[in-house]
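Protein chains get the first letters and strands the later ones, always in sequence-line order, with residue 1 at the start of each. Everything quoted here is computed from the prediction, not taken from an experiment. As a basis for the values below, the full set of heavy atoms in this structure was taken, side chains included, without hydrogen atoms, waters or symmetry mates.
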Number of protein chains: 2
Amino acid sequence: MAVTILDIAKHLDLSVSTVSRALNGYGDVAKETRKRVEEAAKEFDYHPSDAARSLRQKRTNRVGLLIPSTIHYMGEFFSELIRGVTLALAESGSNLMLYTTTTDEVAQLTRICRAREVDGIILFSADKLDEAISFLKTESLPFVVLGHSINDPAVSFVASDNRGGMMAAMQHLLSSGHSRIAYLARYDQPRLHSQRLLSYQQALTEAGLEIDGDLVTSASIGTRTGYRAMNSLLDLPVLPTAVIAFNDQIAINALQAASERHVSVPDDLSIVGYNDIRSSLSTVPQLTTVRQPLSEMGKKAAEVLLSRVHDNDIPPIRTNLPAELIIRGSTSHV
Amino acid sequence: MAVTILDIAKHLDLSVSTVSRALNGYGDVAKETRKRVEEAAKEFDYHPSDAARSLRQKRTNRVGLLIPSTIHYMGEFFSELIRGVTLALAESGSNLMLYTTTTDEVAQLTRICRAREVDGIILFSADKLDEAISFLKTESLPFVVLGHSINDPAVSFVASDNRGGMMAAMQHLLSSGHSRIAYLARYDQPRLHSQRLLSYQQALTEAGLEIDGDLVTSASIGTRTGYRAMNSLLDLPVLPTAVIAFNDQIAINALQAASERHVSVPDDLSIVGYNDIRSSLSTVPQLTTVRQPLSEMGKKAAEVLLSRVHDNDIPPIRTNLPAELIIRGSTSHV
DNA sequence: TTGAAAGCGATACCAA
DNA sequence: TTGGTATCGCTTTCAA
């Protein structure tokens, strides 16, 4: 058996309550006593039982991160997010529980809430987000949505400025003389997609250009997401001169498709990615992309959540971090 | 307050013990009673308190995964590993705690063990692995090492066949007529590196070739790992005709460096990666690489751990999954 | 087949 | 400044 507070108490001929108070830094403990307790604790490598403490205190010092089960298609994107989350948690001494969504997301959330497995939850899953949110609103478990702007003013979220990011990309291309600009979307991400699509259309309209439905198409989820869709764009009777991809991985695969068909980037075709994952520096040419501060978003989300764990009555914190266009070699003037 | 077992008991005019036994599927409960209990539990969305249950049962239904804090440099590699881990855990109803290493890894492990935060731990951290292992051997917490073959026969691990994988890559290149083969290593991964180096040297020796120290160099960790190192190889007075990279990300950056210097791959230079992450399909040309079954490794590691959690007296399970050479476009005959 | 009660290992209140 | 004790919510003997 592991060493318990009772072992320490017996060894020092003290009561468990005194030991507990000494260890938890209460003021009403004799200096000398505290010292003895601390030394004994260190000597025995005593750490309080997580379960016992959680039960008594009604807090677990754990927060949950719910991610889609398709994580393996999200590679770097996910790694960078999680990096930020763990950074913020480490500072506060909290631990991270990683949940991947199951088929019944609400049932899963119900269990997590009712079993009090965590103090709060970061919702990064995209499937059934509305359902998940409306369920969590009925529970008392603090939560924050990561990666999506939520309309409901009662819900905290940390996202990035999607409309602005897409607009920046469009204006970059338009001001470089492009008029036939394709958008390689991801219809299975309807929330993000619809925002980006709006900016795409708005930018075209403001520039006095027509909107050509052929130029908007969707990459499917998968290992080489965007490869086939790019090829179909390259089959159009009148080719686009620029493509904005929904994310960097799609852009990278689009680059590959173009290269295989001897379409030169950026001379014949400009390509813009989204997110600025590390790999966007590893292509030839390097990707022009809209930087989403993934790690910062993860960090901020954890911080927001922790502040709600501390006091769930504070007003919702709703943050759109700025997205920034990073111009590199994959785009050029027409 | 959340609903407890007492609420159910009161509502049905039963004792908590009966309710508990009914819910846990004990045989000695009247059929009718069990039905009533189950219905009430469903009606109230009752789930037992995780903390209370853990405290009483001395198991948490949680397993830990300890990963390096440099996760953000591991992008896809990590995502694929974790995918396998979560798959296996989901099947068993266990949850995942994700720990990133702190400066004092042993102190961190001490806390995890003594606070009984998890039922077992998957060690994926590479820094101080020996220290971590020898500490965990003194504790009763089940553990398994992921990604490294451990010599100590008492330690369970799940890795892949490093020697064989590197040997396959070398033989592929040698049989394609290459004799000036560089190895773009990662010295900060000494365990994996030394195994690969051995195979590298052995293959050269068996082929009757000399070992040229200039051809072995190290990529540093970072955003564009391998880029500078590849450039330095391209500065050698006599160029290599082939390069084996420590991982795919390095290979991808090597490809970029070669491309920028107008060294054609595979015509002037063959490049071999390692791991077969999804991005190895997204380059031009696609990467020849040694496939490490990352997701399977994660899954197997979780399974091995769970079997030890169930019974820690079973003999150590030591697994090297096969590594397989995947020949694609980045290598060719001299 | 059911209920009463002990106990898991802490924290926190109240008295001394 | 310290100790005794109730309590958190469950599981699990032991009796009834």
Side-chain angles (χ1 to χ4, degrees), chain A residues 1-38 40-41 44-62 93 111-119 140, chain B residues 1-38 40-41 44-62 93 111-119 140:
Chain A
M1 264 319 301
V3 30
T4 73
I5 202 172
L6 184 62
D7 298 323
I8 308 277
K10 275 185 187 157
H11 180 251
L12 296 176
D13 204 26
L14 284 170
S15 71
V16 289
S17 31
T18 302
V19 175
S20 174
R21 268 174 288 128
L23 254 20
N24 288 291
Y26 281 57
D28 57 354
V29 177
K31 226 174 162 182
E32 174 61 19
T33 308
R34 156 161 298 134
K35 209 178 133 197
R36 287 174 59 216
V37 171
E38 281 168 351
F44 293 145
D45 260 339
Y46 167 77
H47 291 264
S49 154
D50 185 57
R53 169 176 262 193
S54 297
L55 178 59
R56 181 64 231 231
Q57 297 195 142
K58 298 189 181 307
R59 62 203 306 281
T60 60
N61 292 311
R62 263 172 259 140
R111 194 208 67 219
I112 294 171
C113 290
R114 308 307 268 251
R116 286 133 288 173
E117 294 179 8
V118 293
D119 296 330
S140 56
Chain B
M1 262 317 301
V3 31
T4 74
I5 201 172
L6 184 61
D7 299 322
I8 307 277
K10 276 185 186 159
H11 180 252
L12 298 176
D13 204 27
L14 283 170
S15 70
V16 290
S17 31
T18 301
V19 175
S20 173
R21 269 176 285 130
L23 254 20
N24 288 291
Y26 282 56
D28 58 353
V29 177
K31 224 174 164 183
E32 174 60 20
T33 308
R34 155 160 301 134
K35 210 179 134 197
R36 286 174 60 217
V37 170
E38 281 169 350
F44 292 144
D45 260 337
Y46 168 77
H47 291 265
S49 153
D50 185 58
R53 170 175 261 191
S54 298
L55 179 58
R56 182 63 230 232
Q57 296 194 143
K58 296 184 181 311
R59 63 204 305 283
T60 61
N61 292 312
R62 261 172 261 140
R111 194 208 66 219
I112 294 171
C113 290
R114 307 307 267 251
R116 286 133 288 171
E117 295 179 7
V118 292
D119 296 330
S140 56

Distance in angstrom units between [X] [atom1] and [N] [atom2], rounded:
X: A:L12; N: D:dT2; atom1: CG; atom2: C1'; result: 14 Å
X: B:K58; N: D:dT12; atom1: NZ; atom2: C1'; result: 13 Å
X: B:D50; N: D:dC8; atom1: CG; atom2: P; result: 18 Å
X: B:R59; N: D:dT12; atom1: CZ; atom2: C1'; result: 16 Å

Item to complete: Report the residues that fulfil ring pair (Phe, Tyr, Trp, His ring centres under 6.0 Å) with B:Y26, sequence neighbours left out, ordered by chain and then residue number.
Response: none
Could you list the residues that satisfy salt bridge (Lys or Arg N to Asp or Glu O under 4.0 Å) with [X], not counting sequence neighbours?
X: B:R114; answer: B:E139
X: A:R111; answer: A:E117
X: A:R53; answer: none

Worksheet item: Do A:V3 and A:H11 come within less than 4.5 Å of each other through their side chains, counting heavy atoms only?
Response: no
Worksheet entry | Any pair counted as salt bridge (Lys or Arg N to Asp or Glu O under 4.0 Å), so long as it reaches residues 13-30 of chain A, sequence neighbours left out |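 Listed by first then second residue: A:R21-A:D28.
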Fill in: Summary of salt bridge (Lys or Arg N to Asp or Glu O under 4.0 Å) pairs that have at least one residue in residues 2-12 of chain B, sequence neighbours excluded
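For residues 2-12 of chain B, and leaving out neighbouring residues, there are no salt bridge (Lys or Arg N to Asp or Glu O under 4.0 Å) pairs at all.
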Fill in: Base-contact (B) and sugar-phosphate-only (S) positions in nucleotides 10-16 of chain C, heavy-atom cut-off under 4.0 Å, - elsewhere
BBB----
Worksheet item: Which pair of non-hydrogen atoms, one from B:A9 and one from B:S15, has the smallest distance, and what is that distance?
Response: CB-C, 3.9 Å
Worksheet item: Which residue lies toward the 5' end of DNA chain D, A:L55 or A:D13, if each is placed at its nearest nucleotide?
Response: A:D13
Fill in: Proximity to DNA chain C (any heavy atom under 4.0 Å), residues of residues 29-37 of chain A only
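Nothing qualifies; none.
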Response to the item:
With sequence neighbours left out, the residues meeting side chain to side chain donor-acceptor pair (under 3.5 Å) with B:T60 are B:D119
Item to complete: Applying side chain to side chain donor-acceptor pair (under 3.5 Å), name anything that partners B:T33, two or more places apart in sequence or on another chain.
Response: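 B:T33 satisfies side chain to side chain donor-acceptor pair (under 3.5 Å) with no residue once adjacent residues are dropped.
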Worksheet item: Rounded to the nearest 0.5 Å, how far apart are CD1 of B:I8 and CG of B:L23?
Response: 7.5 Å
Item to complete: Go ahead and write out DNA chain D as dot-bracket, 5' to 3': ( ) for pairs within the strand, [ ] for ones crossing earlier pairs, | when the partner sits on another strand, dots for unpaired; Watson-Crick or G-U wobble, both distances under 3.5 Å.
Response: ||||||||||||||||
